Amino acid sequence: MEIPVINLRELEGEKRSSTMSLLHEACEKWGFFWLESHEVEEELMDKVKGLVNQHYEESMKESFYKSELAKGLEPQKEASDADWESSFFYRYQPDSNIADIPQILREAMQEYIKQMIELAERLAELMCENLGLEKDHLKKAFSEPFVGTKVAKYPKCSQPELVNGLRAHTDAGGIILLLQDDIVPGLEFLKDGEWCPIPPTQGHRIFVNLGDQVEVVSNGIYKSIRHRVLADKNGSRLSIATFYNPGPNAIISPAPKLVYPGRYRFKDYLNYYTTTKFGDKVSRFQTIKEMYV
């Protein structure tokens, strides 16, 4: 499957219309896509990856392989429901947790997440434009957005058929921006009933997928998609996923502009339809909706 690739630089020129159409199709029919020319500093991306890998090797790897999960992995044993991952979560906004990580990594993560927020908000505006909403609709709907990053390694596994790297799920939140491994595969998304492998990152692309709340706000036009991570016997996969989510007190609902009329009496619809049969269907639905407010 040819995963959509969105080049944000093309929004500035004559390809803007076609790029916006591609973005809409990616959100509507795929729920995930690659992003390039995103203006996140490439040196910073490389630095964060290097520091995370170093931190894993120095402070996480040994304890993972001493865990009950790793020690209990044996041939001819039933598959485990546990996830074969070593991870920590860095909360950035609205309040920050002081993750137990080296200061140099924490400082790099802070700058990286700051740039991720700018990118997520730009994507949110573009999605709103494609949906015919005010450009800040998603940002407002998310109240004060919650932003955090799950940093994970999916360690090399001698019996990958016995475990899940990460069990299949959809993401609960909003927009997810993934900086992932350059070499080791494992991420898969469910597309048209088949698992679609997401290859290792090329260059400095960022992988984007949509969470459940974007599907709700878009009234089901945009989709959150089930995905999983497979364990790998040849290497440890890196995953740095930044979540741009609604704040905990945000009240989520479909955007009113995108909602069909609710309950109404068919006679009233039919009476109005007779005089507007050849008019715009969306306007007709909107009028009926307003009649029953």
Side-chain angles (χ1 to χ4, degrees), residues 1-4 6 11 14-33 120-146 168-176 189-196 208-227 244-293:
M1 296 182 182
E2 195 74 20
I3 300 170
I6 310 299
L11 291 171
E14 59 184 18
K15 292 185 177 180
R16 189 178 198 281
S17 178
S18 61
T19 302
M20 289 293 286
S21 295
L22 180 59
L23 175 62
H24 182 68
E25 180 180 354
C27 294
E28 180 182 37
K29 297 182 179 180
W30 291 75
F32 56 95
F33 51 90
E121 291 183 342
R122 186 181 183 193
L123 283 173
E125 290 182 356
L126 295 170
M127 292 177 193
C128 287
E129 181 179 341
N130 270 334
L131 290 167
L133 303 174
E134 297 293 328
K135 70 176 185 178
D136 60 352
H137 183 95
L138 265 176
K139 184 176 181 179
K140 287 182 176 179
F142 284 10
S143 186
E144 183 180 6
F146 172 94
H169 64 289
T170 61
D171 288 323
I175 298 172
I176 299 86
F189 273 71
L190 195 62
K191 168 66 173 163
D192 299 330
E194 297 182 9
W195 286 107
C196 173
V208 182
N209 71 281
L210 306 182
D212 296 344
Q213 306 315 307
V214 171
E215 180 165 334
V216 171
V217 172
S218 70
N219 198 33
I221 296 173
Y222 289 169
K223 303 295 190 295
S224 65
I225 304 296
R226 285 177 66 80
H227 52 284
Y244 182 82
N245 289 351
N249 296 319
I251 304 300
I252 302 299
S253 66
K257 285 185 179 181
L258 304 178
V259 180
Y260 281 108
R263 294 165 58 88
Y264 59 86
R265 189 171 62 172
F266 179 63
K267 180 180 178 181
D268 293 335
Y269 182 85
L270 194 59
N271 288 341
Y272 188 68
Y273 175 83
T274 58
T275 60
T276 60
K277 177 177 180 178
F278 301 104
D280 177 59
K281 176 181 65 177
V282 175
S283 297
R284 186 161 59 244
F285 283 153
Q286 181 64 30
T287 300
I288 293 297
K289 180 165 60 178
E290 292 170 355
M291 288 172 58
Y292 282 82
V293 171

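Fair warning: this is a prediction, and the values are worked out from it, not measured in the lab.
- Separating the CD1 atom in Ile6 from the CG atom in Leu126 is a distance of 9.5 Å, to the nearest 0.5 Å.
- Taking OH from Tyr222 and CG from Leu258, the interatomic distance works out to 9.5 Å, rounded to the nearest 0.5 Å.
- By the 4.5 Å heavy-atom criterion applied to side chains, Arg226 and Phe189 are not counted as neighbours.
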Notebook entry, point to check: Can you check side-chain contact (heavy atoms from CB on, under 4.5 Å) on Leu22 and Phe33, steps first, answer last?
Noted result: CA-CA 10 Å; Leu22 180 59; Phe33 51 90; over 6 Å; no
Checklist line | Working for side-chain contact (heavy atoms from CB on, under 4.5 Å), residues Glu215 and Lys223 | finding: CA-CA 5 Å; Glu215 180 165 334; Lys223 303 295 190 295; 4.1 Å; yes
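- Between the SG atom in Cys196 and the CZ atom in Phe32 there is a gap of 4.5 Å [rounded to 0.5 Å].
- Scanning all heavy atoms of the two residues, the minimum distance from Leu190 to Ile225 falls at O-CG2, 2.9 Å.
- The two residues Ala141 and Ala250 come nearest to each other via the heavy atoms O-CB, 3.6 Å.
- Met127 is listed as a side-chain neighbour of Ile175, based on a closest heavy-atom distance under 4.5 Å.
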Notebook entry, point to check: For Leu123 and Tyr244, what are the C-alpha separation, side-chain angles and deciding distance, and is it a side-chain contact (heavy atoms from CB on, under 4.5 Å)?
Noted result: CA-CA 11 Å; Leu123 283 173; Tyr244 182 82; over 6 Å; no
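- Using a distance-only test at 3.5 Å, with no hydrogens or angles considered, no donor-acceptor pair links the side chain of Lys277 to the main chain of Thr275.
- Ring orientation note: the planes of Phe266 and Tyr269 are close to parallel, at an angle under 30° on the 30°/60° scale.
- A 4.5 Å side-chain heavy-atom check between Met20 and His24 finds every atom pair outside the cut-off.
- Within the 4.5 Å cutoff, the side chain of Leu138 has heavy atoms near those of the Val217 side chain.
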Check: Given the rule in the side-chain contact (heavy atoms from CB on, under 4.5 Å) test, do Asn245 and Gln213 qualify, once you have shown the distances and angles that lead to the verdict?
Finding: CA-CA 8 Å; Asn245 289 351; Gln213 306 315 307; over 6 Å; no
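- Ile288 contributes atom CD1, which lies 7.0 Å from atom OH of Tyr272 (distance to the nearest 0.5 angstrom).
- Side chain of Lys289 to backbone of Pro256: a donor-acceptor contact under 3.5 angstrom is found.
- The closest side-chain heavy-atom distance from Leu210 to Cys27 is below 4.5 Å.
- To the nearest 0.5 Å, atom OG of residue Ser21 and atom NZ of residue Lys15 are 13.5 Å apart.
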Next item on the list: Would you sort out whether Lys139 and Asp136 count as a salt bridge (charged side-chain N to carboxylate O under 4.0 Å, His left out), showing the intermediate values?
Entry: CA-CA 5 Å; Lys139 184 176 181 179; Asp136 60 352; over 6 Å; no
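- Counting heavy atoms from C-beta on, the side chains of Met291 and Arg265 never come closer than 4.5 Å.
- In this structure the side chain of Ile252 reaches within 4.5 angstrom of the side chain of Phe142, judged on heavy atoms.
- Under the 30°/60° scheme for interplanar angles, the aromatic rings of His227 and His169 are found to be tilted.
- Of all the heavy atoms in Pro246 and Gly174, the pair that sits closest is CD-N, 4.2 Å.
- By the 4.5 Å heavy-atom criterion applied to side chains, Leu133 and Lys257 are counted as neighbours.
- Thr274 OG1 to Leu270 CG: the interatomic distance, rounded to the nearest 0.5 Å, is 6.5 Å.
- The neighbour count for Ile251 CD1, taken as heavy atoms of other residues, nucleotides or ligands under 6.0 Å away, does not exceed 12.
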